[in-house]
K.L.:
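Please read through the structure below; I'll follow up with questions.
Just so we're clear, the structure is a prediction, and the values are computed from it rather than from any experiment. Labels below follow one simple rule: chain letters A, B, ... track the order of the sequence lines, proteins then strands, and each chain is numbered from 1.
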Number of protein chains: 2
Amino acid sequence: MESLADYFKVFSEPNRLTVLETLRTGPLNVTAVVEKTGLSQALVSKHLKLLTIAGVVRRRPEGSLVFYEVIDKGVFQLLAQARKLMLASRRQQLDALAAIL
Amino acid sequence: MESLADYFKVFSEPNRLTVLETLRTGPLNVTAVVEKTGLSQALVSKHLKLLTIAGVVRRRPEGSLVFYEVIDKGVFQLLAQARKLMLASRRQQLDALAAIL
DNA sequence: TCACGTCATAACGACAACGTGATACTACAT
DNA sequence: ATGTAGTATCACGTTGTCGTTATGACGTGA
């Protein structure tokens, strides 16, 4: 996690966001995430690793399972704020378009 | 701007963030941004275009100059919140490391 | 009209990220 | 010890993104 840009990059991938959303309600093991998302196991594993490296998620082995959980639920606030800004931008775009027509 | 991930992608590039920061204090024309950042003119133009498409920035031609300005300064709050989370993650990482050693 | 400053775009090469299929590794049960 | 379920990783091909160089387009003033 070098720069701020790198941090944003963590959330700039649809499947990774999907995986992250999966953990909103609580810890899950890899297979559970796979089933919830429909993504391949290898892919889920990769994204979880990235999220772990980024410090967004914590890895907790338990027997033969490995559970992952969001460390700071504040990330979801970040997602929410970004979504809000995005929608506002979209509205503004439409207004600008309407002004032309 | 299809998905939320795409929106995050806008902020996931160091040079693009640099360009955006340049506009924090107010509108600037392209050449001014080029001088402030030290990036090539073509590159600045590209990033500004992307920021415009994303609805983060507004393009305003004025004579032979083209000014760009941030539409919703709330984006800087987003940057700030992300930075805060990033630093918190970093602290947590170090704590986890310290616990091992 | 011509030249110049400003900005945008095209074409290209370099490199990174994504997803997949196959394989290794681990813990546990038989 | 062998098998099995769960997880991680490797190697690979594909695609996307970044930055550069060169060129095009536009407005302005001489």
K.L.:
What is the distance from CZ of B:Arg16 to P of D:dT17, rounded to the nearest Å?
P.N.:
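Checked: the CZ to P distance equals 9 Å.
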
K.L.:
With A:Tyr68, which residues qualify under ring pair (Phe, Tyr, Trp, His ring centres under 6.0 Å), at least two apart?
P.N.:
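So A:Tyr68 forms no ring pair (Phe, Tyr, Trp, His ring centres under 6.0 Å) with any residue.
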
K.L.:
Rounded to whole angstrom units, what separation is found between the CD1 atom of B:Ile53 and the C1' atom of C:dT9?
P.N.:
12 Å

K.L.:
Whole Å only: how far is the CG atom of A:Leu51 from the P atom of D:dA8?
P.N.:
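After rounding, the reported distance stands at 12 Å.
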
K.L.:
For C:dT9, does OP1 or OP2 lie under 4.0 Å from any side-chain N or O of B:Lys49?
P.N.:
yes

K.L.:
Let me know the distance between CG of B:Leu50 and C1' of D:dG19, rounded to the nearest Å.
P.N.:
14 Å

K.L.:
How many whole angstroms separate atom CD of A:Glu35 from atom P of D:dA5?
P.N.:
13 Å

K.L.:
Students often get this wrong, so: under 4.0 angstrom with heavy atoms, is A:Phe67 touching a base, only sugar-phosphate, or nothing?
P.N.:
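A:Phe67: no heavy atom of the nucleic acid under 4.0 Å.
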
K.L.:
Between B:Asn29 and C:dC7, is there a side-chain N or O to OP1/OP2 distance below 4.0 Å?
P.N.:
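Affirmative; the distance criterion is met.
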
K.L.:
Going 5' to 3' along nucleotides 19-30 of chain C, which nucleotides have protein heavy atoms under 4.0 Å from the base (write B), which only from the sugar-phosphate (write S), and which from neither (write -)?
P.N.:
BBB-----SS--

K.L.:
Establish, with yes or no, whether the OP1 or OP2 oxygen of D:dA8 is under 4.0 angstrom from a side-chain nitrogen or oxygen of A:Tyr68.
P.N.:
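Yes, within the criterion.
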
K.L.:
Can you check the A:Leu65 CG to D:dA5 C1' distance for me, whole Å?
P.N.:
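To the nearest whole Å, that distance equals 9 Å.
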
K.L.:
Take atom CZ of B:Phe8 and atom P of C:dA17, then tell me their distance rounded to the nearest Å.
P.N.:
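Going from CZ in B:Phe8 over to P in C:dA17 covers 18 Å.
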
K.L.:
Can you check whether B:Arg59 has a side-chain N or O nearer than 4.0 Å to OP1 or OP2 of C:dC7?
P.N.:
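The answer is no; no side-chain N or O of B:Arg59 sits under 4.0 Å from OP1 or OP2.
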
K.L.:
Measure the distance from NZ on A:Lys9 to C1' on C:dC18 and round it to the nearest whole Å.
P.N.:
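Those two atoms, NZ and C1', are 13 Å apart.
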
